[in-house]
Amino acid sequence: MRSILFVCLGNICRSPTAEGLMRNHLAAAGLADRIRVDSAGTGGWHTGDPPDRRAIAAARKHGVDLSQLRARQVRKTDFSDFDLIVGMDLQNVADLRRIAPKESTARIGLWLEEALGLAREVPDPYYEDNRAFDAVFDLCDRAARAFVEKLSA
Ligand code: 4NP
């Protein structure tokens, strides 16, 4: 596994949180040069936007800086550029499978299942309060830690 793409709906809440955490945990494990990390949305409404300020604030409390990330939409070449593409929820995974080109080489999976073996989603916090953003951060933190541990083993 040399590259991973995190995908949610808007690419401004969950997948940038997962990307930022993954970068931090990879760097802490000395693996930052080995694994390429990016994130994208199945939708394109927020293309070019920084993450939601609530996602930035939740991450900043734990020393993770998301402010430089910018949203983009999933593109066809992602399916050959990345080894692993993980959706935050089951709708994301279904959308990824639907838009994957025939020549796709990436493995597509559910993030918490890939990282923690849990058939569980990272719920969409967009219409929720700050606690939902803290919950997204905590879930993605546990997942990224476990994933990096597996990579280091
Ligand atoms: P995300 O959250 O998929 O975690 O980035 C959302 C962001 C924006 C919208 C929905 C979910 N939206 O409808 O604009």
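Ligands are counted one by one from 1 in listed order, and the atoms in each one are counted from 1 as well.
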| field | Distance in Å, I4 CD1 paired with L84 CG, rounded so as to fall on 0.5 Å steps | value | 4.5 Å
| task | Quick one: pull up CD in Q91 and OG1 in T42 and give me the separation to the nearest 0.5 Å. | result | 8.0 Å
Counting only nitrogen or oxygen atoms and a 3.5 angstrom limit, does [X] reach ligand 1?
X	value
P125	no
N11	yes
R14	yes
C13	yes

Which atoms of ligand 1 are found less than 4.0 Å from any heavy atom of [X]?
X	answer
H46	8 (C), 12 (N), 14 (O)
I12	5 (O), 7 (C), 8 (C)
D124	2 (O), 6 (C), 10 (C), 11 (C)

| message | Any salt bridge linking D95 with R98? Criterion: basic side-chain nitrogen under 4.0 Å from a carboxylate oxygen. | response | yes
| query | Is the shortest distance from a Lys or Arg side-chain nitrogen in R145 or D141 to a carboxylate oxygen in the other one below 4.0 Å? | reply | yes
| query | How close do V148 and A29 get, heavy atom to heavy atom, and via which atoms? | reply | CG1-CB, 3.6 Å
| said: Tell me the nearest of W45, Y126, F133 to atom 7 (C) of ligand 1, using heavy-atom distances. | reply: Y126
| Can you tell which of L9, T42, D49 gets a heavy atom nearest to atom 10 (C) of ligand 1? | L9
| said: Residue-level breakdown please: for M88 versus ligand 1, do any non-hydrogen atoms fall below 4.0 Å on the side chain, on the backbone, on both, or on neither? | reply: neither
| field | Per-residue contact class, Y127 against ligand 1 - non-hydrogen pairs under 4.0 Å | value | side chain
| said: Return the closest protein heavy atom for atom 1 (P) of ligand 1 as residue, atom name and distance. | reply: C8 SG, 3.5 Å
| query | Is the NZ or CZ atom of R36 positioned over F82's six-membered ring, under 6.0 angstrom from the centre and within 45° of the axis? | reply | yes
| field | Over-ring placement of R54 relative to Y126, 6.0 Å and 45° cut-offs | value | yes
| said: Counting only heavy atoms not in R120 (residues, nucleotides, ligands), do more than 12 fall under 6.0 Å from its CZ? | reply: no
